[in-house]
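Worksheet for the structure shown next.
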Amino acid sequence: MLSDIKQVSWEKDLEPRPEAAQVLKFRRDITKSYLCLSHMVSCYNQVVGEALAVELPLIEDQLQEQRQSLLELHNSTWRSEGVHQLIAQKRQSITAFFASVSEARANMAAMSRITQGWAELPLLQRVGNFLERGEATEQSYSRLREDSEEVLRLTQENRRLYVKQDTSQSWSAYLDHVDQLVQDGLLQLLLRSLHFLTDNMKPESCGGALLQVSLHLQSTESVFEPSLDTDLADLLKSFIDDVYSAASLPPRLSVSHHGNHQEALRENADLVALELEVRQRLLEVREEAELLRADLDRFSPLWRSHKRGVMQEFLTYGRKLEPEEEEVEEAPPTLTDFQREIHSLQKQMTHVNHLNENELLHGWLQVELRPFKNALRLFIHNWISMYTQHLLKLVRHSMSQRSVDEEHDDNSRKSSSSFPLTETIMLLETVGVEVPELTTLLQS
């Protein structure tokens, strides 16, 4: 018969035998039916071959129905009565089934894209040069809420496509699967955010200052503001809490798990390890900051010493006594002693001026030293002023006494001060202290 058909196709005037003629007469219907059968089998195999393990129980009844439909055609031939109409009918059924499953799978793919895209959301960011909770964090929260509503909508749409009741065991297992997709997406979001934090706290990989504290000088000690012990730790904890708060926004879809995703992810080993790393970085930078403060404590006598007591000791012995010295003979200071103390303070002022405005510790914590430097300059200025005011008092007294002596005796040049007046005035001028009485004297 096939040979006859081939000959007829080659020789148009050849008369085929009856069986070949009948095939030729219905060849279009046979071809159409063959294509329909091929399409039906392809759809069925595609549904089965690409099904997720959690999806098969949802479509098991429909698959059985389609298998039965195909078996009804198994014993039919092209000669069977009404076979072409039957094939078209079965094709319509399996095509609708295939379309609904394909739509549900497209929804599942969309949910996967949504949850996987969460890893790129910024929960921690630099605002300016430092880590701050900015507008991007709120935008990420808003995105999570919107995406969660879309995942919920797609999940309900799939329940309709799979024609399943909320209470069925197969649907509960499907919800567990979608719920795990959400949690996996949140886990990647949290991991990326905490990695961002830890990477920016590593000296070898950080991109500059992440946080900032200032060193301030109080009456008895220098302190960091915010404090390294509590405030800075609380600040880092608040950033970590912001990260975890994102995991509480998407609602849980699983009916077998209680609580929210944040509570579940708090126990994740990788996230716990990253939190421990943050605390370790904080401990390391705190130790380095204390070393910096200890180094600056070399200036501590300037703010810890009692000026009045030091001055009284200096005017009595001409120097500062050591703690172990007892029964020291009194020796009032000379102008050289005053000069030594003033020059020592000026030297300390030079050292203070050469201190950096900022120090970067471990590559990520910036310590601002300007408040400390400004306060220290003021202390040094007050110490210098203590010595110069005493000298200025002596100069004024000496000049006043000299004027009185000149009124009684022009030849008198006796001074009540034991310091040379000219050298004393020159010493005062080196530190910028003017003697107004000197100008009046010169004018007269």
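Every heavy atom of this structure was used, including side-chain atoms; hydrogens, water molecules and symmetry mates were not. Computed from a predicted structure; not experimentally measured.
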Exercise: identify the closest heavy-atom pair between P226 and V213
O-CG1, 3.6 Å
Do you see a donor-acceptor pair shorter than 3.5 Å between the side chains of D184 and Q180?
yes
Provide the closest heavy-atom pair for N353 versus K373 in the form atom of the first, atom of the second, distance.
O-NZ, 3.5 Å
Is the count of non-hydrogen atoms from other residues, nucleotides or ligands lying under 6.0 Å from E132 atom CD greater than 12?
yes
Do the side-chain N and O atoms of R67 and Q64 include a donor-acceptor pair separated by under 3.5 angstrom?
yes
Going by an N to O cut-off under 4.0 Å, is there a salt bridge joining E157 and R160?
yes
Counting heavy atoms not belonging to E357, are there more than 12 under 6.0 Å from its CD?
yes
Say you draw a straight line from CE of M111 to CG of L154; how long is it, rounded to the nearest 0.5 Å?
5.5 Å
Using side-chain heavy atoms (C-beta onward) and a distance below 4.5 Å, is F299 in contact with L217?
no
Closest non-hydrogen contact found for W171 with T155 is CH2-O, 3.3 Å
So, does T350 use its side chain to make a donor-acceptor pair with the main chain of Q346 at under 3.5 Å?
yes
Just do the side chain to side chain contact (heavy atoms under 4.5 Å, CB included) check on L197 and I240 with the steps written out, would you?
CA-CA 9 Å; L197 184 59; I240 294 176; 4.1 Å; yes
Counting only heavy atoms not in E72 (residues, nucleotides, ligands), do more than 12 fall under 6.0 Å from its CD?
yes
From CA spacing to verdict: side chain to side chain contact (heavy atoms under 4.5 Å, CB included), Q183, H257
CA-CA 12 Å; Q183 186 159 302; H257 294 89; over 6 Å; no
So, do V47 and F98 sit near enough that their side-chain heavy atoms are less than 4.5 Å apart?
yes
Pairing of D337 and R319 as salt bridge, 4.0 angstrom limit:
no
How long is the gap from CG on L296 to CG on L291, to the nearest 0.5 Å?
11.0 Å
Look only at the side chain of S248 and the backbone of Y244, and say whether a donor-acceptor pair between them is shorter than 3.5 Å.
no
Find out whether L215 and P371 are in side-chain contact, i.e. whether some heavy atom of one side chain is under 4.5 Å from a heavy atom of the other.
no
Report the distance from atom CG of L365 to atom CG of L360, rounding to the nearest 0.5 Å.
8.0 Å
Are the side chain of N45 and the backbone N or O of V41 linked by a donor-acceptor pair below 3.5 Å?
yes
Does S100 reach the main-chain N or O of F97 with its side chain, forming a donor-acceptor pair under 3.5 Å?
yes
Spatial distance of atom CG (L394) from atom CD (Q389) [nearest 0.5 Å]:
11.0 Å
Quick one: does S245's side chain have a donor or acceptor within less than 3.5 Å of a partner on D241's backbone?
yes
List the atom of V182, the atom of W118, and the distance in Å for their closest heavy-atom pair.
O-CZ3, 3.7 Å
Y387 OH to Q339 CD distance, which is reported to the nearest 0.5 Å
14.0 Å
Is it true that atom OH of Y34 has more than 12 heavy atoms of other residues, nucleotides or ligands lying nearer than 6.0 Å?
no
Donor-acceptor pair, side chain of H74 and main chain of L70, under 3.5 angstrom:
no
Quick test of your reading of the model: are E263 and R266 salt-bridged, counting only N-O distances below 4.0 Å?
no
Of E288, E287, R281, the one forming a side-chain hydrogen bond (donor to acceptor under 3.5 Å, both in side chains) with H362 is E288
Is a side-chain donor-acceptor pair under 3.5 Å present for T137 with D242?
no
Within-4.5 Å side-chain heavy-atom neighbours: W383 and E341
no
Electrostatic pair R286-E290, nearest N-O below 4.0 angstrom:
no
Measure the spacing between CG of L249 and CG of L186 and express it to the nearest 0.5 Å.
8.5 Å
Output yes when a side-chain donor or acceptor of S238 lies under 3.5 Å from a complementary backbone atom of L235, and no otherwise.
yes
Within the 4.5 Å heavy-atom criterion, are M201 and L236 side-chain neighbours or not?
yes
Tell me if the centroids of the rings in Y162 and Y174 come within less than 6.0 Å of each other.
yes
Would you verify whether the NZ or CZ of R293 falls within 45 degrees of the ring axis of F224 while also being under 6.0 Å from that six-membered ring's centre?
no
Counting only heavy atoms not in E138, do more than 12 fall under 6.0 Å of its CD?
yes
Can you confirm whether L35 sits close enough to R91 that some side-chain heavy atom of one is under 4.5 Å from a side-chain heavy atom of the other?
no
To check you understand the geometry: which heavy-atom pair defines the closest contact between E55 and A51, and what is its length?
OE1-CA, 3.3 Å
Can you tell me if R308 has over 12 outside heavy atoms packed within less than 6.0 Å of its CZ?
no
Backbone of H381 reached by a side-chain donor or acceptor of S385 within 3.5 Å:
no
Side-chain contact test, heavy atoms from C-beta onward, threshold under 4.5 Å: evaluate it for F239 versus V278 and give yes or no.
no
Closest non-hydrogen atom pair between A247 and L265, with its separation:
CB-CD1, 3.9 Å
Could you walk me through whether R304 and D297 satisfy the side chain to side chain contact (heavy atoms under 4.5 Å, CB included) test, starting with their C-alpha distance in whole Å, then the side-chain angles of each, then the deciding distance to 0.1 Å, before giving a yes or no?
CA-CA 10 Å; R304 290 177 180 168; D297 271 354; 4.0 Å; yes
Side-chain contact, heavy-atom cut-off 4.5 Å: L427 with T388?
no
Yes or no on salt bridge (Lys or Arg N to Asp or Glu O under 4.0 Å) for D199 and K202, after CA distance, side-chain angles and deciding distance?
CA-CA 5 Å; D199 290 344; K202 294 178 181 177; 3.6 Å; yes
Using only atom types and a distance under 3.5 Å, with no angle test, would you say the side chain of R126 pairs donor to acceptor with the backbone of A209?
yes
Check whether the ring centres of F338 and H390 lie less than 6.0 Å apart, and answer yes or no.
yes
Donor-acceptor under 3.5 Å (S305 side chain, L302 main chain)
no
Report the C-alpha distance between E368 and Q212 in whole Å, list the side-chain angles of each, state the deciding distance to 0.1 Å, and finish with yes or no for side chain to side chain contact (heavy atoms under 4.5 Å, CB included).
CA-CA 7 Å; E368 185 184 14; Q212 177 178 265; 4.0 Å; yes
